[in-house]
Q: 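Questions regarding the structure given below will be posed in turn.
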Amino acid sequence: MADLRVEELSASTIVAVNNLSLKPGQERFVVPESYAIAATVVNPATSWQRVILDGDEVVGFVSAGFDPEAPQEHFRSVLWRINVDADDQGRGVGRFAVEQLVDEARSRGFDCVNVICEAGEGGPEAFFTRVGFTPVDETEYGEVVAEIRF
C-alpha cells in the first residue's frame, strides 16, 4: 500500500473495477459495478468516479456526486459507493478513498459528505463509522443516512 493514488475511471480501468472481488456475504450489499456506474453517470458535471490504484493495480473504486442544487440535502454531496477488493480490505484502501473524496468535496465548497447504506452484520455501516461518518437519519426503507463533516 505504499503507492496509493486515485485516477479518474477510464476505459482502461473499468474492466478491473468490474472484477473487484468481495468477501463472502458482501455481495448482498452491492450491485454489479457496471449497473452502478451507468446509474450514476446522469450528469458528468456532478459525477465523481475514481479508481484506487496501488502501484499499477486497481484495488478499489469510489463513486460520488456533487450537486449543490439536488432537492434533498443528503444528495448534494454524496458517496454513492465504495468497493475495495477482498484481498485489499483492511489495509487502509477504503480510508484513503474516503480521504480523497473529502478533499474533493472540500475543494468544491462542501462542508460534509453523506452516505446511505444498509445496516446489518457484514454490511458497510461499521466501515463508515470507523472512518468518521456519523448516522444522522434513516430512509423510508430503513437504510442509514450518515455524514462526515469537515
Side-chain angles (χ1 to χ4, degrees), residues 1-14 16-23 26 29-119 122-139 143-150:
M1 194 179 77
D3 192 22
L4 287 181
R5 68 184 193 285
V6 293
E7 283 186 8
E8 190 169 349
L9 181 68
S10 67
S12 64
T13 58
I14 197 165
V17 167
N18 277 320
N19 289 319
L20 290 172
S21 62
L22 301 169
K23 289 186 176 180
Q26 291 179 332
F29 295 103
V30 296
V31 295
E33 301 293 343
S34 300
Y35 299 119
I37 291 166
T40 62
V41 184
V42 175
N43 182 346
T46 61
S47 179
W48 191 80
Q49 298 178 328
R50 300 294 185 267
V51 292
I52 310 302
L53 295 116
D54 187 359
D56 291 328
E57 180 185 357
V58 174
V59 295
F61 172 72
V62 60
S63 177
F66 300 107
D67 183 357
E69 297 180 20
Q72 292 183 299
E73 188 173 338
H74 57 264
F75 288 137
R76 293 180 186 158
S77 175
V78 62
L79 171 58
W80 290 117
R81 71 180 303 124
I82 183 169
N83 290 81
V84 175
D85 190 76
D87 293 338
D88 294 291
Q89 292 179 20
R91 296 186 330 125
V93 175
R95 181 176 295 277
F96 174 80
V98 169
E99 290 168 355
Q100 298 303 302
L101 174 59
V102 165
D103 288 348
E104 181 67 22
R106 188 179 287 125
S107 76
R108 291 176 182 236
F110 292 96
D111 62 1
C112 74
V113 172
N114 295 283
V115 67
I116 299 171
C117 63
E118 289 187 48
E125 183 182 16
F127 164 76
F128 291 122
T129 300
R130 280 194 310 276
V131 298
F133 283 85
T134 303
V136 294
D137 203 356
E138 188 175 288
T139 70
E143 300 157 317
V144 175
V145 179
E147 70 179 11
I148 187 168
R149 291 209 160 267
F150 38 87

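Numbering of residues begins at 1 and proceeds along the displayed sequence. Because only heavy atoms are used, hydrogens play no part in the values below, and waters and symmetry mates are left out as well, while side chains stay in.
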Q: Between the main-chain N or O of R81 and the side-chain N or O of S63, is there a donor-acceptor pair closer than 3.5 Å?
A: no
Q: Atom CZ of F96 and atom CD1 of I52: how far apart are they, to the nearest 0.5 Å?
A: 6.0 Å
Q: Could you go through the side chain to side chain contact (heavy atoms under 4.5 Å, CB included) check for T13 and F61 one step at a time?
A: CA-CA 10 Å; T13 58; F61 172 72; over 6 Å; no
Q: Got a second to check how far I148's CD1 is from T134's OG1, nearest 0.5 Å?
A: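 Taking CD1 in I148 and OG1 in T134, the distance rounds to 7.5 Å.
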Q: Which distance, rounded to the nearest 0.5 Å, do you find between the CD of Q89 and the CG of L22?
A: 7.5 Å
Q: Decide yes or no on side chain to side chain contact (heavy atoms under 4.5 Å, CB included) for V98 and R95, but give the supporting numbers first.
A: CA-CA 5 Å; V98 169; R95 181 176 295 277; 5.8 Å; no
Q: Testing the basics here: between F150 and V102, what is the closest heavy-atom pair and its distance to 0.1 Å?
A: CD2-CG1, 3.6 Å
Q: Can you name the closest pair of heavy atoms from G94 and I82 and give their distance?
A: O-CD1, 3.7 Å
Q: Going from CG on L101 to CZ on R50, what distance comes out if it is rounded to the nearest 0.5 angstrom?
A: 10.0 Å
Q: In this structure, which one of N83, D85, D87 forms a side chain to side chain donor-acceptor pair (under 3.5 Å) with S21?
A: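 Answer after filtering N83, D85, D87: D85.
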Q: Rounded to the nearest 0.5 Å, what separates atom CZ in F66 from atom CZ in R76?
A: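 Interatomic distance, F66 CZ to R76 CZ, rounded to 0.5 Å: 14.5 Å.
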Q: Keeping Q26 on the side-chain end and K23 on the backbone end, is there a donor-acceptor pair under 3.5 Å?
A: yes
Q: If you compare all heavy atoms of V51 against all heavy atoms of L9, which two are closest, and at what distance to 0.1 Å?
A: CG1-CD1, 3.8 Å
Q: Looking only at heavy atoms, what is the nearest atom pair of P124 and C117, with distance?
A: CG-CB, 3.8 Å
Q: Please give me the minimum heavy-atom distance between L79 and V113, naming the atom from each residue.
A: N-CG1, 3.9 Å
Q: Evaluate V17 against Q49 for side chain to side chain contact (heavy atoms under 4.5 Å, CB included), listing each step before the verdict.
A: CA-CA 11 Å; V17 167; Q49 298 178 328; over 6 Å; no
Q: Determine whether F128 and V144 satisfy the following criterion, side chain to side chain contact (heavy atoms under 4.5 Å, CB included), listing intermediate values before the conclusion.
A: CA-CA 11 Å; F128 291 122; V144 175; over 6 Å; no
Q: What I want to find out is whether R108 reaches E104 closely enough, with some N-O distance under 4.0 Å, to be called a salt bridge.
A: yes
Q: In Å, rounded to the nearest 0.5 Å, how long is the span from CD1 of I116 to CH2 of W80?
A: 6.0 Å
Q: Please determine whether the number of non-hydrogen atoms from other residues, nucleotides or ligands lying under 6.0 Å from atom CD of E7 exceeds 12.
A: yes
Q: Grab the two heavy atoms, one from E73 and one from N114, that are nearest each other, plus how far apart they are.
A: O-ND2, 4.1 Å
Q: Side chains of L4 and V59: closer than 4.5 Å at any heavy-atom pair?
A: yes
Q: Checking the side chain of T129 only, and the main-chain atoms of E125 only, is there a donor and an acceptor separated by less than 3.5 Å?
A: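 Flag set: sc T129 to bb E125 pair under 3.5 Å.
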